[in-house]
Colleague: 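If you scroll down you'll find the structure; I have some questions about it.
Reckoned from all heavy atoms, side chains included, excluding hydrogens, waters and symmetry mates. In each ligand, atom 1 is the first atom listed, and ligand 1 is the first ligand listed. Keep in mind it's a predicted model, so treat the numbers as computed, not measured. For this chain, numbers begin at 1 and follow the sequence in order.
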Amino acid sequence: MSNTLYDALFRPHAGSAGTFLILRDGREISHAEFLATVARFAHALRANGVGIGDRVALQAKKSPEALAVYAACVQAGAVFLPLNTAYTPAEVDYFVTDSGATLLIADGSSEATLAPVAAMAGAKLLTLNGDGSGSFAEAARDLPDDFPTVERGADDLAAFLYTSGTTGRSKGAMLTQDNLLSNAQALVEAWRFTREDVLLHALPIFHTHGLFVAGNVTLLAGGAMIFLPALDIDDLVAALPRATTMMGVPTFYTRLLADERLTRELVSHIRLFVSGSAPLLAETHVEFEGRTGHRILERYGMTETNMNTTNPYDGERRAGTVGFPLPGVELRVCDPETGEQVTPGAIGVIEVRGRNVFKGYWNMPEKTAAEFRPDGFFITGDLGQVDADGYVTIVGRAKDLIIAGGYNIYPKEVEMLLDGEPGVLESAVIGVPHPDLGEAVVGVVTPRKGADLDAETLLAGIHDRLARFKQPRRIVIVDELPRNTMGKVQKNVLRERYKGMFGGK
Ligand code: MLC
Ligand code: AMP
C-alpha cells in the first residue's frame with residue numbers, strides 16, 4: 001500500500017538500528033524502536049475508533065511518544081492535530097469541537113479538566129504523559145509492533161494546525177501529505193541535510209517549526225535529533241558539541257548570546273544554525289557571527305505555507321533578509337488593495353504559490369477564498385520587498401499580529417476578552433519591542449464612565465480563558481484611545497508611545 005508521507009519519512013528506516021532520538025538523560029532511541037512504537041500507536045488509534053481521515057488532537061508534553069503519535073496518525077491515515085500545551089481547557093474545547101476530533105490525547109494532569117470538554121465534543125479522551133506513560137500508551141502496550149500502513153495519496157490531509165485569525169476566531173489550516181513532503185524535500189536539499197546530521201531540537205513539537213521543519217527534515221534525511229524537552233541554555237550548552245545543526249526562533253540566539261559559554265569552540269562541530277518564525281534582528285546576526293564565526297541562516301515561513309524562502313547555504317546569508325524563494329515556491333509582492341504586483345523593489349504584501357501551500361481552512365470556505373487570489377496565490381499578510389539581487393526582506397505585517405518568542409498572538413482575541421470584563425469600555429492590544437521575546441503583549445484599556453479598573457483584576461478575569469503566553473505582560477489604563485479621523489484606533493501611535501516599556505529594540 002502506498003502512503004506518500006509514510007513511505008518517504010518513516011518506511012525507509014524500518015529495521016534500522018541507527019539512532020533517531022538522543023534524549024536529555026542520554027538514552028538513545030533507534031529508528032526501528034521508534035517505528036515499533038509508531039505501529040503500536042497506530043493499532044491503538046484504530047482500536048479507539050479512529051478511522052481514516054479522522055482528527056486526532058494531542059495536547060501533551062514533548063516526548064518521543066508524542067512525536068510517535070504524529071507518525072502513527074500518518075501510518076493509520078488519520079489527521080494529526082497538535083495543540084500548544086499552554087492552551088486552556090476553554091481553548092482546547094474550541095479546537096476539539098471545531099475539528100470534530102474523534103480522539104483527544106492529553107497529559108494526565110489535565111484529564112479531569114478536559115474530560116467534560118471531550119465529552120461535550122463527542123471525542124474520546126486518553127492520556128499520554130511526558131514520561132511516555134498514560135492510558136493511550138497503556139492501550140498500545142501489548143499491540144503488534146507492525147501495522148498495515150493505510151493507503152494515502154499526495155492530496156490527502158496529514159495535519160490540521162490551528163492559527164488564530166484577525167477576527168479572533170482560530171482557523172484550522174489543512175495540510176496535505178504533499179504540502180509537508182514537498183517542503184521537507186526542498187529544505188533537505190537547500191540546507192544539505194544527510195544521515196550524518198544530528199539536529200539539536202529544543203523547540204516545541206506542536207508547531208510547524210519544531211514538528212515539520214525540524215522533524216520531517218531529519219526524518220527525510222535519515223539523521224538524528226538531540227531531543228530536549230524545552231529551551232534550557234544549560235542543556236543547549238551541554239548538547240552543542242555533539243550536534244551538527246540547530247534550529248530555533250530568535251530568542252534561542254539572543255539567550256545563547258547572553259551566556260558567556262557561547263564560544264567558537266563550543267560550536268565547532270556545528271555546520272548550520274537556522275532561525276525563523278519571527279524576525280531575527282540584524283544585530284543578533286552580526287553579534288552571533290562575531291562570537292562564533294557562524295552566519296545564522298534565516299528563513300521565512302508560516303503555518304499555512306510551510307517554508308517559503310531561505311537564505312542560501314553557500315552564498316551570502318544577508319542579515320535582516322529571509323533570502324530567496326525555495327525551489328518550487330513562487331513569490332510575488334503585491335499592492336494589498338488592488339492585488340497588482342508592485343514595481344521591483346517596492347513594498348507590498350507577500351503572496352506565495354506552490355506545493356507547499358495548504359489546502360484551505362477547515363469548514364471556512366469564505367475565509368479560504370478571501371485569502372487566495374483567483375490564480376492560486378496565497379496572501380500571507382506579511383509586508384515585504386525583493387531587492388535587485390532577489391533577496392526578500394520582511395518589513396512588517398498587514399495583519400494585526402504579535403509574535404512573542406515565536407508564538408503568534410492575535411490582538412483581536414485578547415481584546416474581545418478584555419472588552420467583556422466588567423468596567424471596560426474598550427481595549428487595544430499591541431506588541432512592543434521586548435529584549436528576550438522580540439515583542440511583548442501590552443493591553444491598553446479605557447474604563448467605562450465611573451468604573452475603577454485595575455490591571456490585576458483584569459488579568460485575573462481573563463486568566464482561565466487565554467493561554468498565558470497570549471496574556472498581556474502589562475496593562476495600561478488610559479482615559480481614551482487615539483483615533484484617526486475615521487474613528488479607527490491608531491495602534492501605531494500606541495506602539496510608538498509604549499515602545500520603550502520593556503527596553504527592547
Ligand atoms: C513562554 N512564555 C511566553 C512565551 N513562552 N510568553 C510570551 N511568549 C512566549 N513565546 C511565558 C510562560 O507563559 C511563562 O509565564 C513564562 O513565559 C516562562 O515560561 P517558560 O516555559 O519557562 O518559557 P521560556 O522557556 O522562557 O520559553 C520561551 C521560548 C518558547 C521562546 C523558548 O516560547 C519557545 O520555545 N518558543 C518557540 C515557539 C515556536 O516554536 N514557534 C514556531 C511557530 S511555527 P509566567 O507568567 O507563567 O511565568 C511558525 C512558522 C515558522 O511560526 O516560520 O516557523
Ligand atoms: P505562524 O502563523 O505561527 O506560522 O507564523 C507565521 C508568521 O511568522 C509569518 O506570517 C511571519 O509574519 C512570521 N515569520 C516567520 N518567519 C519569519 C522571519 N524569518 N522573519 C520575519 N517574520 C517571520
Colleague: Is Val322 close enough to touch ligand 2? Criterion: a residue heavy atom under 4.0 Å from a ligand atom.
Modeller: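 Yes, Val322 has a heavy atom closer than 4.0 Å to ligand 2.
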Colleague: Does Thr303, backbone or side chain, put an N or O under 3.5 Å from an N or O of ligand 2?
Modeller: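 It does: an N or O of Thr303 is found under 3.5 Å from an N or O of ligand 2.
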Colleague: Nearest heavy atom to atom 2 (O) of ligand 2: which of Val395, Asn408, Ile409 does it belong to?
Modeller: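 Nearest option to atom 2 (O) of ligand 2, by heavy atoms: Asn408.
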Colleague: Looking only at heavy atoms of Arg299, does any of them come nearer than 4.0 Å to an atom of ligand 2?
Modeller: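 Distance cut 4.0 Å: Arg299 passes for ligand 2.
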Colleague: Looking at Glu298, which atoms of ligand 2 are within less than 4.0 Å of one of its heavy atoms?
Modeller: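 Those qualifying, in numeric order: 18 (C), 19 (N), 20 (N).
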Colleague: So, does Ile403 sit close enough to ligand 2 that a heavy atom of it is under 4.0 Å from the ligand?
Modeller: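 Right, Ile403 reaches ligand 2.
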Colleague: Give a table of atom pairs where an N or O of ligand 1 lies under 3.5 Å from a protein N or O.
Modeller:
| unit_1 | atom_1 | unit_2 | atom_2 | d |
| --- | --- | --- | --- | --- |
| ligand 1 | 6 (N) | Arg473 | NH2 | 2.9 |
| ligand 1 | 8 (N) | Ala404 | O | 3.4 |
| ligand 1 | 10 (N) | Ala404 | O | 2.8 |
| ligand 1 | 17 (O) | Arg473 | NH2 | 3.2 |
| ligand 1 | 26 (O) | Arg255 | NH1 | 3.2 |
| ligand 1 | 26 (O) | Arg255 | NH2 | 2.8 |
| ligand 1 | 36 (N) | Gly405 | O | 2.9 |
| ligand 1 | 41 (N) | Gly406 | O | 2.9 |
| ligand 1 | 46 (O) | Arg468 | NE | 2.6 |
| ligand 1 | 46 (O) | Arg468 | NH2 | 2.8 |
| ligand 1 | 53 (O) | Arg299 | NH1 | 2.7 |
| ligand 1 | 53 (O) | Gly301 | O | 3.2 |
| ligand 1 | 54 (O) | Ser277 | OG | 2.6 |
| ligand 1 | 54 (O) | Arg299 | NH1 | 3.3 |
| ligand 1 | 54 (O) | Arg299 | NH2 | 2.7 |

Colleague: Could you check whether Arg473 makes a cation-pi contact with Phe469, meaning its NZ or CZ is under 6.0 Å from the centre of the six-membered ring and within 45° of the ring axis?
Modeller: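 Judged by the rule (NZ or CZ under 6.0 Å from the ring centre, within 45° of its axis), Arg473 is not positioned above Phe469.
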Colleague: Looking at Asp375 and Arg373, does any basic side-chain N land under 4.0 Å from a carboxylate oxygen?
Modeller: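 Salt bridge between Asp375 and Arg373, a charged N being under 4.0 Å from a carboxylate O: no.
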Colleague: Between Lys399 and ligand 2, does any nitrogen or oxygen pair lie at a separation below 3.5 Å?
Modeller: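 Yes; at least one N/O pair falls below 3.5 Å.
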Colleague: Taking the six-membered ring where the residue is Trp, are the ring centres of His207 and Phe212 under 6.0 Å apart?
Modeller: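 No, the ring centres sit 6.0 Å or more apart.
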Colleague: Whether Arg24 and Asp232 form a salt bridge (side-chain N of Lys/Arg under 4.0 Å from carboxylate O of Asp/Glu) is what I want to check.
Modeller: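 Answer for the salt bridge query: no.
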Colleague: Check whether any N or O atom of Ser277, backbone or side chain, sits under 3.5 Å from an N or O atom of ligand 2, and answer yes or no.
Modeller: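 So ligand 2 has an N or O lying under 3.5 Å from an N or O of Ser277.
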Colleague: Which residues pass the ring pair (Phe, Tyr, Trp, His ring centres under 6.0 Å) test with Tyr361, not counting sequence neighbours?
Modeller: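 Here the qualifying residues are Phe358.
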Colleague: List in chain and number order the residues that pass ring pair (Phe, Tyr, Trp, His ring centres under 6.0 Å) with Phe160, two or more places apart in sequence or in another chain; answer none if no residue qualifies.
Modeller: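 Listed in chain order: Trp362.
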Colleague: Tell me whether the guanidinium CZ or amine NZ of Lys62 lies under 6.0 angstrom from the six-membered ring centre of Phe227 and within 45° of its axis.
Modeller: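 Yes; both conditions hold, so Lys62 lies above the ring face of Phe227.
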Colleague: Heavy-atom distance to atom 7 (C) of ligand 2: which of Gly320, Gly384, Gly301, Ala278 wins?
Modeller: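 Among Gly320, Gly384, Gly301, Ala278, the closest heavy atom to atom 7 (C) of ligand 2 belongs to Gly301.
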Colleague: Would you say the ring centers of Phe372 and Phe377 fall short of 6.0 Å from each other?
Modeller: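 So the answer is no for these two rings.
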Colleague: Tell me which protein heavy atom sits closest to atom 12 (O) of ligand 2, plus the residue, atom name and distance to 0.1 Å.
Modeller: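 Here the closest protein heavy atom is Asp382 OD1, 2.5 Å.
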Colleague: Residues in ring pair (Phe, Tyr, Trp, His ring centres under 6.0 Å) with Phe20, at least two apart?
Modeller: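 Applying ring pair (Phe, Tyr, Trp, His ring centres under 6.0 Å) to Phe20 gives His31, Phe34.
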Colleague: Using heavy atoms and a threshold below 4.0 Å, how should the contact between Pro279 and ligand 2 be classified: side chain, backbone, both, or neither?
Modeller: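 Contact part for Pro279 vs ligand 2: both backbone and side chain.
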Colleague: Between Thr163 and ligand 2, is there a nitrogen or oxygen pair with a distance under 3.5 Å?
Modeller: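 The answer is no, given that Thr163 and ligand 2 share no N or O pair closer than 3.5 Å.
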Colleague: Is the shortest N/O to N/O distance between Thr380 and ligand 2 below 3.5 Å?
Modeller: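 N/O-N/O distance under 3.5 Å: no.
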Colleague: Side-chain donor-acceptor pair under 3.5 Å between Tyr498 and Arg474, yes or no?
Modeller: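 No, Arg474 and Tyr498 have no side-chain donor paired with an acceptor closer than 3.5 Å.
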Colleague: Taking NZ, NE, NH1 and NH2 as the nitrogens, is one of them in Asp131 or Lys61 under 4.0 Å from a carboxylate oxygen of the other?
Modeller: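 Lys61 and Asp131: not salt-bridged.
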Colleague: Do any N or O atoms from the side chain of Asn183 and from the backbone of Met307 form a donor-acceptor pair under 3.5 angstrom?
Modeller: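 Checked: pair present.
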Colleague: Using atom types as modelled and distance alone, determine if a side-chain donor or acceptor of Glu439 lies under 3.5 Å from a backbone N or O of Pro433.
Modeller: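 Looks like no, no N/O pair under 3.5 Å.
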Colleague: Which atoms of ligand 2 are found less than 4.0 Å from any heavy atom of Met302?
Modeller: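 Close to Met302: 4 (O), 6 (C), 9 (C), 10 (O).
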